[in-house]
Visitor: 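Here's a structure for you.
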Amino acid sequence: MVLIDRSYRGKEFLNENGFTLHAILTISDILEILEEEKLITKDQLNAVSRFLLYDVSGKRLNFEQRLKGCKNPATRKLYERMKEKQSNLILSLDVDTEKEFFTILEQVSTHIIMVKTHIDILKDFTPDFITKLLRIAADYNILIFEDRKFADIGSTVRKQFQGGIYKISNWADFITVHMVPGPGILNGLFDHTKTKTSAFLLAAMSAEGNLITENYSRRVIEIAKKYDKHISGFIGFGKTEHDLKKLKNKIPETMLLLTPGVNLEQTGDGMGQQYVGIEEAVRGGSDAIIVGRGIYAADNPASKAKEYKEKAWKAFVTYNL
Ligand code: 5BU
């Protein structure tokens, strides 16, 4: 029997023997039809979907087991926020003024577990911004994720992380790190510091034509296993559920997979960004979705955030919980 991913539906592809196969319906499609026709219950649909994801494509732990086994305190905080807020939505708030930033953040705060910043985008940044951000984050139970994408030698990233005008190590719950320079970057960031910040490593990017290969992703994950004290998981994009599943299956169970490039309406932005849908991302094993323009550029960011949150959490409960 050949198990065909939902993402292949309607497409032709070559199997490992070089034969062209044409996928008409997937097992997930059939299950959904059976549920729509009331031939199986929603619970049965969920149980079989979970079986397909965790047992057929490699046995994996459920959410509670993952939380229980997780030793990294920052990662635990993120798991706990997800549970408390029944959400796996991260807002990427890439606006350039403080006023816009906080106006939108307050509007969407009940729906998100974490706000992702690019602190150097703000044109009116002052240290007061951080004071305010920390207060709002505490009031609304939101974590802070600075998407700095550190990518230099250990000595330089240490200064970039702790110093300058941003002093990221004082306030960010999480940062992003490229592993291009090798493990020394992690020593530079985390040795001899008392920072509570933990890292997400870039394992697969959403930018079209990016140079990350499957082998590179695998090596990033191998390094992460040795530094699990400071690493919470990976940023991983896949154009299809199948691509994401391949990545997810390599990731240690207690680490998280966060997926950027999620948008309900667009497939790209004309500048290389690629988007995947919520269902596909979560079915592929994404633990939380990162959404920027889909929310902050919407006419009504609050109602859009609610929509993303509800769809993503529903998919998470169905396939990944
Ligand atoms: P968007 O507006 O939803 O396209 O914003 C996506 C955000 O996620 C933006 O801040 C990017 O810098 C970030 N991102 C991404 O889009 N793709 C990646 O592979 C990584 C980060 Br890593």
Side-chain angles (χ1 to χ4, degrees), residues 88-97 100-101 104-105 108 111-123 133 143-152 157 166 168 172 174-181 185 198-214 216-217 220-221 224 231-240 243-244 247-248 251 255-278 280-282 284-299 301 304-305 307-309 311-312:
N88 57 344
L89 175 62
I90 298 167
L91 173 66
S92 182
L93 197 36
D94 304 331
V95 292
D96 60 8
T97 64
E100 228 183 319
F101 186 96
I104 297 174
L105 184 59
V108 305
H111 304 303
I112 63 171
I113 45 167
M114 181 145 81
V115 60
K116 187 172 81 58
T117 53
H118 279 294
I119 200 71
D120 51 356
I121 285 180
L122 287 164
K123 59 184 176 202
L133 177 58
L143 295 169
I144 306 171
F145 186 14
E146 167 51 30
D147 191 6
R148 174 64 180 75
K149 298 187 181 72
F150 293 97
D152 213 318
V157 294
Y166 301 121
I168 296 166
F174 301 99
I175 50 170
T176 41
V177 179
H178 271 297
M179 285 310 296
V180 179
I185 191 170
S198 185
F200 280 93
L201 307 185
L202 274 75
M205 288 194 75
S206 62
E208 195 167 9
N210 74 78
L211 302 182
I212 292 180
T213 61
E214 226 180 299
Y216 175 87
S217 306
V220 168
I221 295 166
I231 292 174
S232 292
F234 304 89
I235 305 290
F237 173 85
K239 268 205 271 194
T240 64
D243 290 346
L244 273 164
L247 178 66
K248 176 76 170 192
I251 293 178
M255 291 189 180
L256 291 162
L257 175 61
L258 314 183
T259 300
V262 176
N263 195 298
L264 287 170
E265 277 111 26
Q266 312 288 334
T267 54
D269 69 353
M271 282 190 279
Q273 176 66 306
Q274 306 180 101
Y275 289 116
V276 65
I278 294 177
E280 264 174 322
V282 178
S286 174
D287 292 302
I289 57 163
I290 299 174
V291 183
R293 285 162 284 184
I295 293 175
Y296 73 75
D299 290 338
K304 264 292 164 208
E307 184 184 348
Y308 273 91
K309 171 206 152 159
K311 290 193 168 140

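As the structure lists them, so they are numbered: ligands from 1, and atoms in each ligand from 1.
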Visitor: Please give me the minimum heavy-atom distance between Ser92 and Lys116, naming the atom from each residue.
Guide: OG-NZ, 3.0 Å
Visitor: Once you restrict to heavy atoms under 4.0 Å, what part of Arg293 touches ligand 1? Side chain, backbone, both or neither.
Guide: both
Visitor: Does Glu208 come within less than 4.0 Å of Lys239, counting only side-chain N to carboxylate O?
Guide: no
Visitor: Would you please name every residue forming a ring-ring contact (aromatic ring centres under 6.0 Å, His included) with Tyr166, sequence neighbours left out?
Guide: Phe125
Visitor: Which ligand 1 atoms, with their elements, are less than 4.0 angstrom from a heavy-atom of Pro260?
Guide: 8 (O), 14 (N), 15 (C), 16 (O), 17 (N), 18 (C), 19 (O), 20 (C)
Visitor: Which bit of Ser92 gets closer than 4.0 Å to ligand 1, counting heavy atoms only: side chain, backbone, both or neither?
Guide: side chain
Visitor: Contact between ligand 1 and Asn263 is defined here as a heavy atom of the residue under 4.0 Å from a ligand atom; is it met?
Guide: no
Visitor: Do Thr240 and Glu280 have side-chain atoms, one donor and one acceptor, less than 3.5 Å apart?
Guide: no
Visitor: Are Arg293 and Asp94 within salt-bridge range, i.e. N to O under 4.0 Å?
Guide: no
Visitor: Which atoms of ligand 1 are found less than 4.0 Å from any heavy atom of Ile235?
Guide: 22 (Br)
Visitor: Can you find an N/O atom of Tyr275 closer than 3.5 Å to an N/O atom of ligand 1?
Guide: yes
Visitor: Only heavy atoms of Gln273, strictly under 4.0 Å: list the atoms of ligand 1 that pass.
Guide: 4 (O), 6 (C), 15 (C), 16 (O)
Visitor: Indicate whether the side chain of Thr117 and that of Glu146 have a donor and an acceptor atom separated by less than 3.5 Å.
Guide: yes
Visitor: So, regarding Gly292 and ligand 1 (criterion: nitrogen or oxygen to nitrogen or oxygen, under 3.5 Å), is there a contact or not?
Guide: yes
Visitor: Which atoms from ligand 1 have a heavy atom of Lys149 less than 4.0 Å away?
Guide: 12 (O), 20 (C), 21 (C), 22 (Br)
Visitor: Considering only heavy atoms, does Asp269 approach ligand 1 within less than 4.0 Å through its side chain, its backbone, both, or neither?
Guide: neither
Visitor: In chain order, what residues pass the ring-ring contact (aromatic ring centres under 6.0 Å, His included) check against Phe101, with sequence neighbours excluded?
Guide: Phe129
